[in-house]
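Below: one structure, written as structure tokens.
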Amino acid sequence: MRSEASVLHLDLDAFYAAVEQRDKPSLRGKPVIVGGLGPRGVVSTASYEARTFGVRSAMRMAEARARCPHAAYLYPRFHAYRISSRRVMAVLRALSPLVEPLSLDEAFVDLTASQHTDLSVKGVERIARDLKAEVTQVTGGLTGSVGAGTSKFMAKVASDLRKPDGLVVIEPGTERELLAPMSVTTIPGVGPATADRLRRVGVHTVGELDRLGEAEIVAAVGQAAGRSLAQLARAQDDRPVVAERETKSVSVEDTFDHDIADPTTLTLIVERIAARVAERLTGERLSGRTVTVKIRLFDFTTHTRSTTLPGPTDDGRVITRLAKRLLTEVDTSAGVRLLGVGVSGLADWVQGDLFEEAEDGEERTEEPAKEPVEQPVAAHHWYPGNDVVHDTYGRGWVWGAGLGRVTIRFETAETGPGPVRTLHAADPDLAPYSPLT
DNA sequence: TCTGGGGTCCTAGGACCC
DNA sequence: TCTGGGGTCCTAGGACCC
């Protein structure tokens, strides 16, 4: 446990809406609501003027329009938000190299890694005041709320305490007293489901949770959540501020204005979404092994289907083919409201990083290997119905794979479906064929 | 015209290996 | 014929966060 309030949390106020008001003076002082504008849109950010009408983040747009019909409704301009976000993060990194961004508008800063030595409450207040001024300056007038405390948890609680444009440093030693009357939902990781479970054992506040034993908490909410909850309820939080986090997955999803049941349309959409995922993977020099399709049906039930490749890929053709196959594994005949494609199990190496230094900013001429996994290959590396093979027989699809062998069914334009060949995984005949091509 | 999009982490069961 | 435990990987679903 830190003895000083050396963790700082910055939260930009109504960030998306504030950027819009900054860039369009006619919107200043007026309710502004940023989010999806379609029939199924939800609110991303409401300006403080809109919040007085009860409009909140994650609220359905239809409800927001009912509550505040005269607001300006805007589709998010992420490019603009990203520019301002980068400037703010740069300010934070100048303060301390240890900055952990949580999103475009939020970050933790570890002040023990900064050049400041006075981390008394007064000293941290001075740092925070200067920081707020600088943030406002580099963003052309945006404000942020800053909190500081002896842990991430307390810093975040602090920044929430006075919004907007707030500055709160929680004096070390006063944490439990401060937390005791607060709702358990103040604790990160406690959402509606966990709050409900705790309510059933008579716990509503952090203080009540604190008085419960760890064993009882674990019994109520499970192993991992229970242990961390028991700690956080006592204001014990040793989570470090982590500057670099590795991306674990990349996904794209789309909710349709109206449910779609037509299989051809769904296939087309899944192709388009898979291509966007592949684009982002290659753009970020990532590749992954597991492809997942997410299907939300008309009734909001959500299904995922996934498959794991023997080696990482960023090939749009491979991702698309697998996504299309996975889509067929779920009954979509009653209507689909959302389709998504994701790739996870990302390689911890960057594809082709041996080839490019790219100091000159030129296009790379050397394409990275699309298929890191080459032969020899085990039978289970072949994907029935997906892997295509060409040889003297013509074009063949892998028909079955497993138990050390691969069956391939060939067909030609003239003769149609032709012979079925069974090859052993170690068969040299299989070697020329690369799976997943 | 109920319920976004991008993520992270956890759980639980089954397969498989030693 | 019956019966181990531990570890890892994979899949599906769900909670949660901003």
Side-chain angles (χ1 to χ4, degrees), chain A residues 9-12 14-16 33-46 56-66 75-76 78 81-82 85 100-108 152-153 156 159-160 184-198 218 221-229 239 242 245-259 273 276-277 280 284 286 288-310 326 329-330 337-346 378 380 402-403:
Chain A
H9 180 253
L10 168 73
D11 193 345
L12 297 169
F15 181 48
Y16 298 176
I33 295 167
V34 180
L37 302 182
R40 285 169 169 170
V42 301
V43 175
S44 292
T45 310
R56 295 280 178 275
S57 289
M59 178 180 278
R60 294 198 324 274
M61 221 21 127
E63 189 179 346
R65 285 186 195 277
Y75 192 79
F78 287 105
Y81 310 152
R82 232 170 258 124
S85 178
E100 180 177 336
L102 299 175
S103 61
L104 290 181
D105 65 334
E106 252 186 73
F108 286 114
K152 282 181 167 182
F153 179 27
K156 187 141 165 80
S159 70
D160 264 327
V184 286
T185 56
T186 310
I187 300 173
V190 178
T194 306
D196 212 56
R197 288 182 175 195
L198 292 173
V218 167
V221 307
Q223 190 68 229
R227 282 193 190 166
S228 87
L229 233 62
R239 294 172 300 161
V242 180
R245 311 195 89 154
E246 252 173 67
T247 305
K248 301 257 169 76
S249 67
V250 170
S251 66
V252 174
E253 62 185 54
D254 193 11
T255 294
F256 315 128
D257 287 354
H258 307 284
D259 295 346
I273 292 176
R276 283 168 64 195
V277 172
R280 284 192 40 209
E284 294 171 42
L286 295 169
R289 290 180 57 215
T290 302
V291 176
T292 303
V293 163
K294 177 173 169 183
I295 298 150
R296 177 118 74 208
L297 299 177
F298 69 100
D299 61 356
F300 219 74
T301 57
T302 305
H303 302 273
T304 60
R305 291 293 179 271
S306 64
T307 185
T308 298
L309 297 165
L326 291 167
E329 292 178 11
V330 174
R337 67 174 284 140
L338 171 148
L339 274 185
V341 176
V343 174
S344 56
L346 300 185
H380 69 271
L403 300 174

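Reminder, nothing fancy here: chain letters follow the sequence lines and each chain counts from 1.
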message: Can you measure Leu346(A) atom CG to dG6(B) atom C1' for me and round it to whole angstrom units?
response: 14 Å
- prompt: Closest nucleotide of DNA chain B for Gly38(A) versus for Val252(A): which of these residues is on the 5' side?
  reply: Gly38(A)
field: Sugar-phosphate, base or nothing in reach of Arg337(A), heavy atoms under 4.0 Å
entry: base
Per-nucleotide protein contact string for nucleotides 11-18 of chain C (B base, S sugar-phosphate only, - none; heavy atom under 4.0 Å): SSS-SSSS
- request: Grab the CZ-P distance between Arg60(A) and dG5(B) for me, whole Å please.
  value: 15 Å
task: Supply the atom-to-atom distance Ser44(A) OG to Met59(A) CE, rounded to the nearest 0.5 angstrom.
output: 13.0 Å
- prompt: Closer than 4.0 Å, any side-chain N/O of Ser249(A) to the OP1 or OP2 of dT8(B)?
  reply: yes
- line: To the nearest angstrom, the CD1-C1' distance between Ile273(A) and dG5(B) comes to 11 Å
- prompt: Side chain of Thr302(A), backbone of Phe300(A): donor and acceptor closer than 3.5 Å?
  reply: yes
message: Return whichever of Ala225(A) or Ala62(A) has its heavy-atom-nearest nucleotide of DNA chain B closer to the 5' end.
response: Ala62(A)
query: For Gln223(A) and dC10(B), what is the distance between atoms CD and P respectively, to the nearest whole Å?
result: 11 Å
- request: First locate atom CG of Leu12(A), then atom OG of Ser85(A), and finally report the distance between them rounded to the nearest 0.5 Å.
  value: 7.5 Å
- request: Could you tell me whether dC2(C) is syn or anti, where syn means a glycosidic angle within 90 degrees of zero?
  value: anti
statement: The side-chain hydrogen bond (donor to acceptor under 3.5 Å, both in side chains) partners of Arg227(A) (sequence neighbours excluded) come to Gln223(A)
query: Using the C1' atom in both, what is the distance from dA15(C) to dT3(B), to the nearest Å?
result: 16 Å
query: Less than 4.5 Å apart, any side-chain heavy atom of His303(A) and any of Glu329(A)?
result: no
- prompt: Which whole-number value in Å describes the distance from Arg280(A) CZ to dG5(B) C1'?
  reply: 10 Å
- prompt: Is a side-chain donor or acceptor of Arg337(A) paired with a backbone partner of Phe298(A) at a separation under 3.5 angstrom?
  reply: no
- prompt: How many Å lie between CD on Glu253(A) and C1' on dG7(B), as a whole number?
  reply: 10 Å
